[in-house]
Peer 1: 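This structure is in structure tokens; I'll ask about it shortly.
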Amino acid sequence: MYLFRPLEIVNPRLPYAQSVVYIKSGEGTVTINGVEFLAKQHDLFYFEPGCVHSYAADGEDLMVHASVYVDLLWNTSPKLKGDRGLNEH
């Protein structure tokens, strides 16, 4: 789980792995490849490797999300450039 404080912004991420993000509570926006989407409780987002995305919580409540990262590439597969930190856990 990750808690975004009201008005918190997470700069664009470029993941190596596939990820699924579940908005557990609160509201905000998720920007995917330059397109902004409302993010609210019980929404689910999927990001493929190389999909640039960022988050912004609204000014009222915490926006809480849970993420699952899945790397289906073999060790010999070339990796995309991106945020290696998202692949470490």
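Being a predicted model, the structure only gives us computed values, none of them experimental. The residues of the chain are indexed from 1 along the displayed sequence.
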Peer 1: Is there a side chain to side chain contact (heavy atoms under 4.5 Å, CB included) between Asn33 and Cys51 once you walk through the steps?
Peer 2: CA-CA 6 Å; Asn33 292 326; Cys51 176; 3.7 Å; yes
Peer 1: What closest approach, in Å, do Ala39 and Met63 show between heavy atoms, and which atom pair accounts for it?
Peer 2: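 Heavy atoms of Ala39 and Met63 come nearest at CB-SD, 4.2 Å.
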Peer 1: Hydrophobic clustering (ILVMFWY, side-chain heavy atoms < 4.5 Å, transitive) - are Val68 and Met1 grouped together?
Peer 2: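 No, Met1 and Val68 fall in different hydrophobic clusters.
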Peer 1: Taking C-beta and beyond as the side chain, do Pro12 and His53 meet within less than 4.5 Å on heavy atoms?
Peer 2: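 Pro12 vs His53: side chains apart.
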Peer 1: Yes or no on side chain to side chain contact (heavy atoms under 4.5 Å, CB included) for Val20 and Phe45, after CA distance, side-chain angles and deciding distance?
Peer 2: CA-CA 6 Å; Val20 177; Phe45 293 90; over 6 Å; no
Peer 1: With a 4.5 Å limit on heavy-atom distance, are the side chains of Val30 and Ser54 in contact?
Peer 2: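 With C-beta onward as the side chain, the pair stays apart.
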Peer 1: Quick check: closest heavy atoms across Ala57 and Pro6, and the distance to 0.1 Å?
Peer 2: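 Minimum heavy-atom separation between Ala57 and Pro6: CB-CA, 4.4 Å.
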Peer 1: Using every non-hydrogen atom in the two residues, find where Ala56 and Ile9 come nearest and quote the distance to one decimal.
Peer 2: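 Taking every non-hydrogen atom into account, CB-CG1, 4.1 Å.
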Peer 1: About how many Å separate CG of Leu3 and CG of Asp61, when rounded to the nearest 0.5 Å?
Peer 2: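 It is 11.5 Å, given to the nearest 0.5 Å.
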Peer 1: Donor-acceptor check, side chain of Asp43 to backbone of Ile23, threshold 3.5 angstrom: yes or no?
Peer 2: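 Between the backbone of Ile23 and the side chain of Asp43 there is no qualifying donor-acceptor contact (under 3.5 Å).
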Peer 1: Would Val21 and Leu44 count as a side chain to side chain contact (heavy atoms under 4.5 Å, CB included) if you check the C-alpha gap in whole Å, the side-chain angles of each, and the deciding distance to 0.1 Å?
Peer 2: CA-CA 6 Å; Val21 174; Leu44 191 66; over 6 Å; no
Peer 1: Distance alone, cut at 3.5 Å: any donor-acceptor contact between the side chains of Glu8 and Tyr2?
Peer 2: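 Result is yes, a qualifying pair exists.
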Peer 1: Starting from the C-alpha separation in whole Å, work towards a yes-or-no answer on side chain to side chain contact (heavy atoms under 4.5 Å, CB included) for Phe4 and Val10.
Peer 2: CA-CA 9 Å; Phe4 294 101; Val10 174; 2.9 Å; yes
Peer 1: Please tell me whether Tyr46 and Gln18 have a donor and an acceptor in their side chains that are separated by less than 3.5 angstrom.
Peer 2: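 Present: a donor and an acceptor within the cut-off.
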Peer 1: Find the distance between CG (Asp58) and OG1 (Thr29) and round it off to the nearest 0.5 Å.
Peer 2: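 The CG atom of Asp58 sits 9.0 Å away from the OG1 atom of Thr29.
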Peer 1: Could you tell me whether Gln41 atom CD has more than 12 heavy atoms of other residues or ligands within 6.0 Å of it?
Peer 2: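 Atom CD in Gln41 is packed in, count exceeds 12.
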Peer 1: Would you say His65 and Tyr55 are linked by a side-chain donor-acceptor pair, where the criterion is simply a distance under 3.5 Å?
Peer 2: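 Result is no, nothing qualifies.
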